Amino acid sequence: MFDLYLKNARLVLPDKEIENGSLLISDGKIAQVNGEERDSAKVLDLSGARVFPGFIDIHIHGAIGVDANEADADGLRRAAKFLVEKGVTAWLPSLVPDTSENYRKSITAIDELIRTQDEGESANARALGVHYEGPFVSEKQCGALRTRYFRTFTGEINLPRLFAENAVHLTTLAPEIEGGIELIKKLREENWIVSIGHTRADVETLDAALTVGARHLTHFFNAMTGLHHRETGVVGWGLSNENVTFDIIADGVHVAPPMLHFAARTKTPAKTVLISDAVSPAGLGDGEFEIWGEKISVKNGKTENERGSIAGSVITMLDAARMMLKLGFSPVEVSRMAGLNPARVLGVEAEYGSIEIGKRADLTALDRDGNVVLTIVGGRVAYQV
């Protein structure tokens, strides 16, 4: 792997933005920030493009017709290629509740993807593990999830694990289900990351979940009880508890733009994570599609299933970042919400999520119109206009 030298860039660092900055990338890592050009390095002139840490999507079910519950490793690779063209450098394929047999097939495919994703000349968005959205969630807050596959906890987790070394295992659950607090304890003992979602838990139950290790909330506002001046709800608990972070779908459909601004500014960009929650029709435009055994329509960027519920999104992390920039958040704040914060939720911030010397060179550069002109994954050019 040759060294890369990026120049004439607007660098979005963890605490500031640098005009006319430069980066030296060596052995797949960031070696210098605003250092001297090396004769041996390949030089890329970015002509003023803004360089962010690569976007990390911790909640995405699929794109371009690929569904993580159904796809083989080749399908997941196609999705990863699409994502890298949208500035995503790392992701968690996310599974909805399903049969045990389908879960095993999905995990086998993700394992193969992780095992082979660093091979070859090209680089795509890097799968870091798996996100199980359910099956331990509330039927009363099911959203678009299939209730026939929901479970309660009976002493064993019984969810297939990835064999890949250091793979992340994240699950969204409702702590009020039967055995929910004991489930969280067992998951944490086995090094799972636990997020609370699809829930109507009361404050006492939420506090108990936090005590045993559930410190994050899934797609804030959606599939949870809201805020009321006499009922705290899951939303009120999340906003008022400084020990909790949340992720949010910044598509302007799941959450209205003024509420996106309110939530992220109130919680602060330091504790807000952007996600896509994209489903397989993402990237295919409007039309009629079938996912998870039912038909959905996509019209003007909004999904709707046969029951009239929103069925995931069709955005990417690039769209989410653009939305937050449009709402007045600074590039530094957006870089935290799309890069560093998701890395922290996953426990991989030592390597991922920010432009700092010694970290992986996972980067995306946007032009002044917000279009991706360059994506670098592990020091390799994965996409370039």
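Computed from a predicted model, the values in this text were never measured in an experiment.
Applying the ring pair (Phe, Tyr, Trp, His ring centres under 6.0 Å) test to every pair with at least one member in residues 172-197, sequence neighbours left out, gives these pairs: Tyr132-Trp192, His169-Trp192. The stretch residues 158-167 participates, sequence neighbours left out, in no side chain to side chain donor-acceptor pair (under 3.5 Å) pair at all.
For Lys105 and Asp72, the salt-bridge test fails: no basic side-chain N is under 4.0 Å from an acidic carboxylate O. One finds no salt bridge joining Lys29 and Asp27 here, because no Lys/Arg side-chain nitrogen approaches an Asp/Glu carboxylate oxygen to under 4.0 Å. A salt bridge links Lys81 with Glu85: the closest approach of a Lys/Arg side-chain nitrogen to an acidic carboxylate oxygen falls below 4.0 angstrom. Salt bridge Lys299/Asp286: absent, no basic N to carboxylate O contact under 4.0 Å. Ion pair Arg10/Glu19 flagged as a salt bridge, since at least one NZ, NE, NH1 or NH2 atom sits closer than 4.0 Å to an Asp/Glu carboxylate oxygen. Electrostatic pairing of Lys359 and Glu349 does not count as a salt bridge here, judged by no charged N lying under 4.0 Å from a carboxylate O.
Between the CG atom in Leu162 and the CZ atom in Arg115 there is a gap of 12.5 Å [rounded to 0.5 Å].
When the shell of 6.0 Å around NZ of Lys302 is examined, it contains 12 or fewer heavy atoms from other residues, nucleotides or ligands.
For Trp237, there are no ring-ring contact (aromatic ring centres under 6.0 Å, His included) partners at least two apart in sequence or on another chain. Every side chain to side chain donor-acceptor pair (under 3.5 Å) that Asn305 has, sequence neighbours left out, goes to Glu294. Considering only residues two or more places apart in sequence or on other chains, His61 meets the ring-ring contact (aromatic ring centres under 6.0 Å, His included) condition with His59, Trp292. Every residue meeting the ring-ring contact (aromatic ring centres under 6.0 Å, His included) condition with Phe220, not counting sequence neighbours, appears here in chain and number order: Phe246.
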